[in-house]
Structures are given as C-alpha cells and as structure tokens.
Amino acid sequence: MSVGSDDFAAGLLAWFDGAGRHDLPWQHPRSPYRVWLSEIMLQQTQVQVVVPYFERFVAALPDLPALAAASLDEVLALWSGLGYYARARNLHAAARACVERHGGGLPRDFDALLALPGIGRSTAGAILAQAWGERFPILDGNVKRVLCRYHGIEGWPSTPKVERQLWQLAETHLPATRLADYTQAQMDFGATLCTRHAPSCVLCPLQHDCVALRTGRVDALPTPKPAKALPQRHVLVLLLEDREGRVLLQRRPPTGIWASLWSLPEAVDHTEARDWFERHVRGNYDAATAREPIAHGFTHYRLELAPLHWRGVTPAGVVRDNEDLRWTERGELSSLGIPAPIRTLLEAL
DNA sequence: AAACCGGGGGC
DNA sequence: GCCCCAGGTTT
C-alpha cells in the first residue's frame, strides 16, 4: 500500500470535507498550545462539553507561558466542572516543564512530548499531526472502534496483541498530506458516524470496504472487554431430612446474598459442618452422602454449593421451629422464599 | 449500575 | 512490557 493512495484515508477526508467539524475553537487559530489543551480536555470528555471550557481557559491563559505562570489553583478553577482533575495538574506541570526545558514552547518532537506528564503516545501523535501536519497516527477509543470494524479485527482492542496490530494499521493508513484534517476526521467519524451503538453504515464513506459490515459483525466489534474472572467460593450446605421426609431450613441473615430467604444451613468446612450438625440434630455425621455440587453465578463471584445429605435424622432437643429454623414439609416449599439453586436441589430429592 | 477510557504506575 | 487502577460520565 503506497503512501497517499489509501482508500481509508481518502474516504475519511472526503467525508470530513462534507460532514466533519470545521469550526471548533481549537481549529481557529490552530496553535500547538491550543491543540494540546484541546486534546487533554477531550481525553475523557465530549466535544460539546469541552468547547465552552476551552474558550474560557484560553481567554484567561492564552499561551503556554501564561499557563506556566499561573498558580495551580487558578488552573484548577478554570478546569472546575470538567472532572478528572489529574489532567489539569499534569497540564500545569507540563507547561512549567516546557518553560524549563523547551524555552516556553511545546516541543516539536515525539519523545520530548511523550516525556511530558499527561501526554501518551496517542496524544503526542495528535499534537504533532494537528499542530504541525506531521505524519503521526492516533489511537483513541474512536479510532480503535473504526479500525476493528473496518478490518474485522476480533479480540478486545486493549490487549497488547490487538493494540500493536491497530497501531500498525493506523500507521499504514496515514495519508501523505492533510494530517491535521485527517486526525480531526477520525475523531469526528468515530464520534458521529461509526458510533458504538447503531452506526450509520448506510451513510458511511467506507461501507464498501468494511469487513464488519460485509460479515454482519458491526454490532459485535470491537470485541467487548472480557468480564474479569470472578472469584470462586465454596460452601458446604447441610441437607437434613427427618423420618417423615421434612427438611431443615434456615433463614438467611437480613443482609447479603439471598437476604432473609429460607435456605439450607451452611458451613465453610467439615469441622464447622460437624459442629453445626452435633448442636442441632441427632444422628451420625459420617453417614452423610455427598451430592453433586451446584454451581451458581453472581455478578461478583461464583459460588459452588456442595450438599451433604442425611436421611432419618431427628431434631436435637434444643432445636424447635423458630424464626430462623424450621422443619419443612415438601408441600410447603412452593410457598416459601427459597434461592433458586436451593429450590432446584430440594425439588430433586 | 455497568461499561467505558488514555495515561500513569506498579511489578 | 503487561496488568490494573483512578476518576467521572454515558448508556
């Protein structure tokens, strides 16, 4: 693929001419300082929110030396309402570093930009491309989404493997000219057309080359972040039947999972289970039958319930039905609040 | 209330 | 170099 003949870049630039944003305040005039400030403000914040803050900020602090000379309090006051205040602290620290190290201007050098607090690879590229028209790619969330769809790339885009691939593609798509427009075009395109939900594929300048559209994968790409592995917990549950086939149920505490529902007595291990058994029923603990464990998923952990089953035990003297413990007929189960996996277990008896 | 996100920081 | 987080907002 030769430089400047890329359909992707050409399509985006043509789209940008007709549908992109050309009147954003950091585009007129387009100075390194204003581009930098806009990029930092835009990092976690949408364009329409940023615009008034940007205008207020540059009115008060129109250039980098002014920012460096301002107090942190003044900068934070101008930032107030934008959120993510670490961005403002980094901005201020970076401005002072530029005064010390670069004569009061933003360096026109990738590594020097990267060394400034708050500027990573994507932001450095955006500044170089927009402020000076240099050929550097960006890779923010919008661009990742567009590239994953266009090339049909599977896998969560923030894994090192996929991210390397995306930077590579971003590099190869760079046009030979109009780097500032191209950079803005990618951001506008991702924000307004190739959106996360319900993208406007019928209007898309890239629709004929988009792998995701061709393969019906638009809604599936980019691959969502994998749910992180949930902690696994294990618990023993005591399934105690008396001679009449009644089951001993215990009311759960009023808070936590299955709050106040009727469930089976629980124990973390056999020592605790034996102890509970001997205090509440008469019978032989070691006569228990281990039943098939039940897996149950919660939003924040997985629970494995390992049932221990006894038949023909008798209540110990101290155990009568009370608010937290009851011997329950089979026919009563349907009228009680019982956690689904426990109910399944009981109905399989 | 859960997903999202560029950069930073810990290992 | 990889993994995870902090800090607010959007869906």
Side-chain angles (χ1 to χ4, degrees), chain A residues 26 35-54 72 75-98 106-107 110-130 136-149 153 155-171 183-184 186-200 218-231 256-257 297-302:
Chain A
W26 43 91
V35 167
W36 171 42
L37 177 61
S38 73
E39 284 300 321
I40 302 301
M41 285 186 165
L42 287 165
Q43 270 173 6
Q44 270 95 346
T45 314
Q46 294 188 343
V47 167
Q48 78 272 12
V49 177
V50 164
V51 166
Y53 283 90
F54 178 88
L72 179 57
V75 174
L76 289 171
L78 289 165
W79 205 269
S80 177
L82 265 183
Y84 305 101
Y85 296 93
R87 294 184 296 172
R89 290 177 218 284
N90 285 335
L91 189 78
H92 187 237
R96 294 196 161 173
C98 286
L106 216 51
F110 184 80
D111 291 326
L113 284 172
L114 210 56
L116 295 170
I119 298 182
R121 181 172 176 184
S122 187
T123 301
I127 292 169
L128 290 169
Q130 298 207 77
F136 282 86
I138 61 169
L139 192 65
D140 65 7
N142 284 328
V143 177
K144 284 179 177 177
R145 180 171 60 253
V146 172
L147 291 175
C148 281
R149 285 178 176 161
I153 292 174
W156 184 46
S158 294
T159 58
K161 174 166 165 272
V162 176
E163 196 164 287
R164 263 197 305 278
Q165 201 179 348
L166 294 173
W167 275 112
Q168 178 63 44
L169 289 166
E171 195 92 49
T183 301
Q184 186 67 48
Q186 290 174 91
M187 300 191 285
D188 290 357
F189 183 72
T192 67
L193 194 151
C194 194
T195 49
R196 200 145 65 80
H197 297 292
S200 312
V218 171
D219 290 337
L221 294 177
T223 305
K225 179 191 176 93
K228 80 169 172 185
L230 299 176
I257 66 160
F298 294 98
T299 50
H300 46 310
Y301 64 94
R302 280 185 225 289

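Values below: all heavy atoms of this structure, side chains included; hydrogens, waters and symmetry mates excluded. Every chain is numbered from 1, with letters handed out A, B, ... down the list of sequences. On a predicted model such as this, the values are computed, not experimentally measured, just so you know.
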**Asked** Just how far, in rounded Å, is C1' of B:dC5 from CD of A:Glu39?
**Response** 14 Å
**Request:** Under the side chain to side chain donor-acceptor pair (under 3.5 Å) rule, what do A:Asn90 and A:Arg87 come out as? Steps first, then yes or no, please.
**Result:** CA-CA 5 Å; A:Asn90 285 335; A:Arg87 294 184 296 172; over 6 Å; no
**Prompt:** What's the CG-C1' distance between A:Leu113 and B:dG7, to the nearest Å?
**Reply:** 15 Å
**Message:** Would you compute the distance between atom OG1 of A:Thr45 and atom CE of A:Met41 and round it to the nearest 0.5 angstrom?
**Reply:** 9.0 Å
**Request:** Give, for atom CG of A:Leu37 and atom OH of A:Tyr53, the distance between the pair rounded to the nearest 0.5 Å.
**Result:** 13.5 Å
**Request:** Would you indicate which nucleotide in B:dG6, C:dT11, B:dC4 comes nearest to any side-chain atom of A:Gln44?
**Result:** B:dG6
**Message:** Could you identify the nucleotide paired to B:dG9, looking across every strand shown and requiring Watson-Crick or G-U wobble geometry with both distances under 3.5 Å?
**Reply:** C:dC3
**Prompt:** Tell me: CG of A:Leu116 to P of B:dG8, nearest whole Å?
**Reply:** 10 Å
**Prompt:** More 5' along DNA chain C: A:Leu82 or A:His197, using each one's nearest nucleotide?
**Reply:** A:Leu82
**Short side-chain N/O contact to C:dT9 OP1/OP2 from A:Arg196, under 4.0 Å** = no
**Asked** What's the NZ-P distance between A:Lys161 and C:dC3, to the nearest Å?
**Response** 13 Å
**Prompt:** Between A:Phe110 and A:Phe136, how do the two ring planes meet: parallel, tilted or perpendicular, split at 30° and 60°?
**Reply:** parallel
**Request:** Please work out if A:Arg121 contacts a base, only the sugar-phosphate, or nothing of the nucleic acid, heavy-atom cut-off 4.0 Å.
**Result:** sugar-phosphate
**Prompt:** Would you say A:Thr123 reaches B:dG7's phosphate, i.e. side-chain N/O to OP1/OP2 under 4.0 Å?
**Reply:** yes
**Complete:** When rounded to whole Å, the CG to P distance for the pair A:Leu166 and B:dG6 reads 13 Å
**Prompt:** For the pair made of CZ in A:Arg89 and P in C:dG7, what is the distance, rounded to whole Å?
**Reply:** 10 Å
**Request:** Find the distance A:Leu42:CG to B:dC5:C1' and express it as a whole number of Å.
**Result:** 13 Å
**Asked** If you pin A:Pro160 and A:Gly83 to their nearest nucleotides in DNA chain C, which one's is more 5'?
**Response** A:Pro160
**Complete:** Regarding the side chain of A:Arg145, the nearest nucleotide among C:dG8, B:dC5, B:dC4 is B:dC5
**Item:** 5' precedence on DNA chain B between A:Gly118 and A:Tyr84 (nearest-nucleotide basis)
**Value:** A:Tyr84
**Complete:** In whole angstroms, the gap separating C1' of B:dG6 from CH2 of A:Trp167 amounts to 10 Å
**Request:** Quick one: pull up OG1 in A:Thr183 and CD in A:Glu39 and give me the separation to the nearest 0.5 Å.
**Result:** 8.5 Å
